[in-house]
Amino acid sequence: MSGIYDLLRRDILECRLKPGARLRFEELRAHYEIGLSPLREALMKLASDGLVVLEEHKGFRVAPVSRMDLLDITFMRKELDAMGMRLSIEKGDDAWEATILGSLHELSKKPKLGPDGLVDAEWEKRHRAFHHTLVSACGSPWLLHFREQLYDQADRYRRLSVQYLREPRDHLAEHREIADAALARDADAAVFLIRRHLDRTVQILLAADGVLSPEAMPE
């Protein structure tokens with residue numbers, strides 16, 4: 001089941017399966033060449049992750065994107081990242097600092113967009129690692145667990161935002177500023193910068209007409 005789960009999860013997060021799209025069993029079985037039972041199990045797991053919605057008498061569909069959902073996810077991400085950042089700055093050692101520098105260096109070596117104009121998979125992997133590193137010394141497994149769940153939920157919105165960017169955005173400079181503040185052990189500056197960083201993606205999508213519905217569809 002993990003194989004089809006991982007494939008579906010990837011295609012949802014990368015918006016190959018569009019937000020709100022109906023997930024029809026026969027189409028999915030043919031496309032992924034998978035049996036009915038593991039497909040159903042994978043969809044149920046994705047529903048528990050919040051990436052798929054099960055509607056009574058209608059079946060499964062990709063979780064929609066909405067203004068309300070985006071604002072809620074971003075609010076909680078800012079709270080958890082701010083808390084994780086403060087705790088990590090307080091508790092982090094030299095190895096934590098070295099990991100930040102290393103992950104930032106790796107991120108800087110890869111362009112964000114691939115030849116198709118979409119977010120590059122390897123860049124996204126390094127991007128996730130960098131943000132995780134910033135809060136990795138917080139000492140709270142539960143904080144890290146919930147933060148990862150929210151990161152996944154925000155991933156689709158971030159990928160969508162690339163398509164509606166109206167002005168150039170220097171992502172590397174933003175990440176470097178956050179890293180510099182963390183390494184300087186300036187918790188207030190680091191929290192301010194991470195909050196601003198997350199808000200910028202929100203503003204791009206809120207300014208794009210017709211992308212987000214006002215509210216999430218009922219589950």
TODO: Given salt bridge (Lys or Arg N to Asp or Glu O under 4.0 Å), test E148 with R128 step by step and report yes or no.
DONE: CA-CA 9 Å; E148 282 295 300; R128 178 186 286 261; 2.8 Å; yes
Task: NZ/NE/NH1/NH2 to OD/OE distance under 4.0 Å, E106 and K109 - done: no
Open item on the list: Would you say that H131 contacts H175 through its side chain, given a criterion of any heavy-atom pair below 4.5 Å between the two side chains?
Closed with: yes
- [ ] For R169 and T201, test the side chains for any donor-to-acceptor distance below 3.5 angstrom and give the result as yes or no.
- [x] yes
Task: Donor-acceptor pair, side chain of R61 and main chain of E55, under 3.5 angstrom - done: no
Task: Side-chain touch D170/L172, heavy atoms, less than 4.5 angstrom - done: yes
TODO: Decide yes or no on side-chain contact (heavy atoms from CB on, under 4.5 Å) for L144 and H132, but give the supporting numbers first.
DONE: CA-CA 8 Å; L144 295 175; H132 172 76; 4.3 Å; yes
Open item on the list: Run the side chain to side chain donor-acceptor pair (under 3.5 Å) test against R86 and tell me which residues pass, sequence neighbours left out.
Closed with: D188
TODO: State yes or no: do M85 and F192 share one hydrophobic cluster built from I, L, V, M, F, W and Y residues joined by side-chain heavy-atom distances below 4.5 Å, directly or via other members?
DONE: yes
Task: Side-chain heavy-atom pair R195, E79 within 4.5 angstrom cut-off - done: yes
Open item on the list: Quick one about R158 and Y151 (side-chain donor to acceptor, distance below 3.5 Å, no hydrogens or angles considered), yes or no?
Closed with: yes
- [ ] Look only at the side chain of T133 and the backbone of I100, and say whether a donor-acceptor pair between them is shorter than 3.5 Å.
- [x] no
TODO: Please report the C-alpha distance between D72 and M76 in whole Å, then the side-chain angles of each, then the deciding distance to 0.1 Å, and finally whether the side-chain contact (heavy atoms from CB on, under 4.5 Å) criterion is met.
DONE: CA-CA 6 Å; D72 190 24; M76 291 308 304; 4.2 Å; yes
Open item on the list: In terms of relative ring orientation, are H127 and W123 parallel, tilted or perpendicular, with 30° and 60° separating the classes?
Closed with: parallel
Task: Donor-acceptor contact below 3.5 Å, side chain Q153 vs main chain D49 - done: yes
Open item on the list: For F75, I'd like to know if atom CZ has over 12 heavy atoms of other residues, nucleotides or ligands within 6.0 Å.
Closed with: no
Task: D81/R147 ion pair, N-O < 4.0 Å - done: yes
- [ ] Indicate, with yes or no, if the rings of H171 and H197 have centres closer together than 6.0 Å.
- [x] no
Open item on the list: Quick one, L160 and V65 - any side-chain contact, counting heavy atoms below 4.5 Å?
Closed with: yes
Open item on the list: Per the side chain to side chain donor-acceptor pair (under 3.5 Å) rule, what does the pair list look like for residues 89-104, sequence neighbours excluded?
Closed with: E97-R185
Open item on the list: Do L43 and L28 have side chains that approach each other closer than 4.5 Å (heavy atoms only, starting at C-beta)?
Closed with: yes
